[in-house]
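For ligands, and for the atoms within them, numbers begin at 1 and follow the listed sequence. Each residue takes its place number in the sequence, starting with 1. Since we're looking at a predicted model, the values are computed, not measured.
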Amino acid sequence: MNKKMIYTAVVLAAGKGKRMNSDVSKQFLELNGKPVLYYSLAAFEKSPVDRIILVTGEADIEYCRTEIVEKYGFRKVEQITAGGKERYHSVWNGIQAAGECDYILIHDGARAFIDQQTIKRCMEDVRTNKACVAAVPVKDTIKVVNDDLKGIKTPDRSTLWIIQTPQVFERSLIWNAYRQLAQELEKGTAPAVTDDTMVAEYYMNCSAHMVMGSYYNIKVTTPEDLVLGTAILNQPEQEL
Ligand code: CTP
Ligand code: MG
């Protein structure tokens with residue numbers, strides 16, 4: 001019989017949400033009466049993932065424990081740990097807190113509308129590809145521009161995908177990648193990092209495989225995303 005593989009979700013909620021321009025951090029703003037973070041935790045609670053590490057601001061750990069995890073009975077949340085200044089600090093803290101497991105799914109807590117099918121596709125795909133990411137094909141034409149905002153290149157759209165989360169990796173691979181990033185951050189030689197697949201590419205020479213995500217899997221970032229988010233939650237066909 002195949003050994004049971006253990007999957008840990010690291011859910012990130014330690015950002016300040018500056019682009020939302022609100023007093024309350026965006027992951028704690030309410031949609032249909034529940035905090036944004038409730039929806040992303042609920043998705044992993046319902047999924048086949050084995051356990052969840054929640055990463056949040058030091059000052060918000062108690063709030064998350066009582067007002068979200070205990071209130072809604074999220075039994076898979078094993079630890080609530082403090083994040084850091086940048087997203088990659090929070091990810092590294094989450095990976096270290098995850099301890100022993102086979103696979104790690106890194107998810108933006110602000111992507112509240114992640115669906116079960118996308119999570120399952122990623123969990124399946126990582127077993128073959130070691131690194132994979134939920135993503136969708138670009139619908140618009142994308143331009144590369146110069147300093148004067150003149151379009152100078154039009155990349156072939158069929159080669160462009162929008163990267164979402166979860167970003168999913170073999171635990172040892174992502175641990176090694178982030179350990180190297182942490183060392184280079186200390187020395188001041190680290191590259192500018194925007195997501196986890198990039199860290200795996202840069203340090204482990206490992207390309208993540210695209211897994212079909214969903215156009216509903218938006219990241220709550222600016223105020224108009226709250227309007228879109230409410231519409232997504234209120235449409236009956238969406239299995240969240
Ligand atoms: N995040 C985190 N730790 C940080 C920064 C971000 O855990 N230091 C989390 C956010 O809480 C969010 C996810 O990473 O769930 C994606 O980041 P982003 O959308 O950029 O959120 P913020 O950094 O909070 O927003 P902004 O960039 O507008 O300040
Ligand atoms: Mg940010």
Side-chain angles (χ1 to χ4, degrees), residues 8-31 34-45 49 52-65 67-69 74 77-98 104-115 118-119 122 133-136 162-169 174 178 181-182 185-186 190-200 208 213-214 216-229 232 240:
T8 304
V10 170
V11 176
L12 303 170
K16 297 252 183 291
K18 291 199 198 91
R19 286 168 287 179
M20 188 55 78
N21 247 324
S22 138
D23 292 342
V24 179
S25 299
K26 64 184 183 181
Q27 58 272 31
F28 305 129
L29 289 175
E30 292 198 352
L31 289 179
K34 293 191 178 109
V36 164
L37 180 59
Y38 157 86
Y39 295 99
S40 27
L41 289 175
F44 287 97
E45 178 80 17
V49 154
I52 302 169
I53 305 292
L54 173 57
V55 185
T56 193
E58 184 87 60
D60 295 317
I61 291 180
E62 224 19 65
Y63 168 81
C64 284
R65 189 186 317 283
E67 295 306 311
I68 303 183
V69 175
F74 291 138
V77 176
E78 226 172 52
Q79 240 191 90
I80 308 176
T81 192
K85 187 165 178 290
E86 301 294 337
R87 183 183 179 281
Y88 48 77
H89 295 121
S90 300
V91 173
W92 180 222
N93 290 357
I95 292 172
Q96 291 176 96
I104 293 187
L105 298 86
I106 300 168
H107 186 67
D108 293 332
R111 285 189 196 272
F113 319 108
I114 179 67
D115 60 283
T118 298
I119 296 175
C122 289
V133 59
V136 286
I162 298 169
I163 299 302
Q164 306 180 332
T165 67
Q167 308 207 359
V168 189
F169 306 90
I174 200 63
Y178 266 92
L181 174 67
L185 283 168
E186 270 180 26
V193 168
T194 54
D195 81 337
D196 315 304
T197 59
M198 201 185 142
V199 181
S214 158
Y216 291 124
N217 186 19
I218 62 168
K219 181 159 64 71
V220 173
T221 306
T222 52
E224 58 269 29
D225 295 327
L226 299 174
V227 179
L228 297 174
I232 294 168
L240 292 172

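- Among all non-hydrogen protein atoms, the one lying nearest atom 7 (O) of ligand 1 is Ala14 N, 2.9 Å.
- Remark: ligand 1 atoms within the under-4.0 Å shell around heavy atoms of Ser90 are 2 (C), 3 (N), 4 (C), 7 (O), 8 (N).
- Residues meeting the salt bridge (charged side-chain N to carboxylate O under 4.0 Å, His left out) test with Glu62, sequence neighbours left out: Arg65.
- Residue Ile52 comes nearest to Glu45 through the heavy atom pair CD1-N, 3.8 Å, listed as atom of the first residue, atom of the second, then distance.
- Remark: ligand 1 and Val55 share no N or O pair separated by less than 3.5 Å (distance only, no angle test).
- Per-residue contacts place Gly84 under 4.0 angstrom from the following atoms of ligand 1 (heavy atoms of the residue considered): 4 (C), 8 (N).
- Between Ile114 and Thr118 the shortest heavy-atom distance is CD1-CG2, 3.8 Å.
- Heavy atoms of Arg111 found under 4.0 angstrom from ligand 1: none, in either backbone or side chain.
- Every atom of ligand 1 is numbered from 1 in the order shown, and the set under 4.0 Å from a heavy atom of Lys85 is 8 (N).
- Closest approach of Ala98 and Ile104 over heavy atoms only: CB-CD1, 3.9 Å.
- In this structure, the side chains of Leu31 and Phe113 come closer than 4.5 Å at one or more pairs of heavy atoms.
- Of all protein heavy atoms, the one lying nearest to atom 9 (C) of ligand 1 is Leu12 CB, 3.8 Å.
- Annotation: Val220 places no N or O atom under 3.5 Å from an N or O atom of ligand 1; distance criterion only.
- Between the choices Leu37, Asp108, Val10, the shortest heavy-atom distance to atom 16 (C) of ligand 1 belongs to Asp108.
- Closest protein heavy atom to atom 25 (O) of ligand 1: Gly17 CA, 3.3 Å.
- Residue Glu86 touches ligand 1 through its backbone alone, judged by heavy-atom distances below 4.0 Å.
- Under a 4.0 angstrom heavy-atom cut-off, Ala13 registers as being in contact with ligand 1.
- Looking at Ala82, Gly15, Gly83 and measuring to atom 11 (O) of ligand 1, the nearest heavy atom belongs to Gly15.
- Between the side chains of Ser214 and Asn217, no donor-acceptor pair of N or O atoms lies under 3.5 Å.
- Under the 30°/60° scheme for interplanar angles, the aromatic rings of Tyr63 and Phe28 are found to stand perpendicular.
- When the options Lys16, Arg19, Lys18, Met20 are ranked by their closest heavy atom to atom 27 (O) of ligand 1, first place goes to Arg19.
- Residues satisfying the salt bridge (charged side-chain N to carboxylate O under 4.0 Å, His left out) criterion with Glu78, sequence neighbours excluded, are Arg51.
- Tyr38 and Phe74 have their aromatic ring centers within a separation under 6.0 angstrom.
- Just one of Asp196, Thr197, Ile106 meets the side chain to side chain contact (heavy atoms under 4.5 Å, CB included) condition when paired with Val133; it is Thr197.
- Taking a 4.0 Å cut-off on heavy atoms, Lys26 registers as neighbouring ligand 1.
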